[in-house]
Amino acid sequence: MTLELATAGESHGPALVAIVSGLPAGLALGKDAIDADLRRRQQGYGRSPRQQIETDEVEVLAGLRHGRTLGSPLAFVVRNRDHKNWTWGMSPWPPEGEPEGKGTKPVTVPRPGHADLAGVQKYGFADVRDALERASARHTAVQVAAGAVAKALLREVGIEVAGEALPEAGADPATVDAARKERDTLGGRVEVRARCVPPGLGSYARREDRLDARLAAALMGIQAVKAVEIGDGLSLADLRGSDAHDEIFRDDKGLHRETNRAGGIEGGVSNGEEVVVRAAMKPLPTLMRPLRSVDLQTGEAADALVERSDVSAVEALAVVAEASVAWELARAAREKFGGDALGDFVTAWRAYLERIDWAPR
Ligand SMILES: Cc1cc2nc3c(=O)[nH]c(=O)nc-3n(C[C@H](O)[C@H](O)[C@H](O)COP(=O)(O)O)c2cc1C
């Protein structure tokens with residue numbers, strides 16, 4: 001039993017689409033909670049005006065009845081309200097009538113830092129838009145909705161996941177204002193913490209089952225993330241072993257640690273401490289002061305396409321990273337505890353905690 005997420009959708013197409021399979025039946029989902037996370041993803045200082053056009057909300061098509069999952073695939077869409085300006089440009093079928101709205105002219109100058117150039121080369125496109133529409137981080141909207149579903153499942157067993165932007169670079173309003181003035185962009189760092197994760201999620205047995213590897217892949221899978229750190233991560237490399245590990249103690253409540261340098265994961269397995277993961281985001285690659293590029297049609301030097309764009313999206317990244325960590329933890333929990341009905345899942349969870357005599361502190 002595992003959780004799976006399949007998605008489709010282009011940035012300016014009619015909608016983003018997702019199918020989540022592997023949920024137990026009987027899980028209560030709230031539209032308000034999912035929409036609240038979608039709204040959080042759209043906020044943050046330094047976002048582009050597109051966020052005012054899009055008021056994302058989830059529309060469930062299957063797998064849910066009267067607010068409870070049926071155990072069948074959960075299908076949902078998040079519509080792109082901006083699509084009304086792109087109906088000709090993003091028409092799935094050969095468009096009829098005169099070109100109108102946006103996206104009617106081919107994009108021939110790839111933007112450095114985006115998938116534009118590699119995308120047209122790889123897929124044989126003449127119009128960069130054919131690559132950039134799917135490569136866009138607009139797609140993270142459905143990841144956030146799926147993460148909200150994962151958080152609802154985790155909450156049933158007491159796990160809370162929270163992401164935040166670290167207060168530097170693109171999360172600092174003064175730095176964002178200065179960058180906007182100079183028509184530049186920023187990156188930044190985010191941190192996600194998961195509380196009350198029991199020991200035993202993930203496994204050392206196979207590389208692909210390691211929880212640290214799965215969390216790193218999930219965060220690296222988000223656009224613009226260029227580094228991931230578990231616990232004290234990078235800085236551990238500079239320490240001696242005597243300063244780098246979390247020694248084990250016992251008191252009347254059981255086994256415990258006094259430090260958490262490992263970020264709650266040892267040997268690819270959660271160890272009962274808070275799971276702590278950080279991700280670093282590069283400065284966004286679309287600048288209002290365009291970077292230099294080449295027109296693929298003429299071969300001449302040209303300024304990269306300037307499309308409405310964020311100065312910073314680090315606060316949005318915190319929401320996407322939170323969703324991605326929640327998703328991976330929920331997936332690892334489904335693999336360990338299974339169950340067709342929510343009650344089966346929760347019962348297996350409780351029996352395991354009893355066996356290892358563990359309770360969150
Ligand atoms: C939530 C979020 C919003 C983003 N918004 C923008 C944006 O407005 N402009 C931009 O150039 N890049 C934006 N990006 C980053 C690009 O999507 C990303 O850099 C690009 O797809 C290339 O992928 P890579 O950086 O992973 O190589 C955003 C990323 C995230 C996670």
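Every number for a ligand or one of its atoms is a count from 1 in the order of the listing.
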Who are the side chain to side chain contact (heavy atoms under 4.5 Å, CB included) partners of D127, not counting sequence neighbours?
P106, V107, R129, D130
Crowding at CZ, R189 (>12 non-hydrogen neighbours, <6.0 Å):
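At most 12 heavy atoms, drawn from other residues, nucleotides or ligands, come within 6.0 Å of this atom.
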List, ordered by chain and residue number, the protein residues whose closest non-hydrogen atom lies under 4.0 Å from any atom of ligand 1.
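Ligand 1 pocket, heavy atoms under 4.0 Å: G113, H114, A135, A137, I222, Q223, A224, K226, M281, K282, L284, P285, T286, S309, D310, A313, A316.
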Donor-acceptor pair between D172 and Y45 side chains, under 3.5 angstrom
no
We want to know whether S11 and H139 form a side-chain donor-acceptor pair, criterion being a heavy-atom distance below 3.5 angstrom.
no
Donor + acceptor pair across side chains of N260, E273 (<3.5 Å)
no
Tell me, please, whether F345 has R334 positioned over its six-membered ring: NZ or CZ under 6.0 Å from the ring centre and within 45 degrees of its axis?
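Cation-pi check for R334 and F345: passes.
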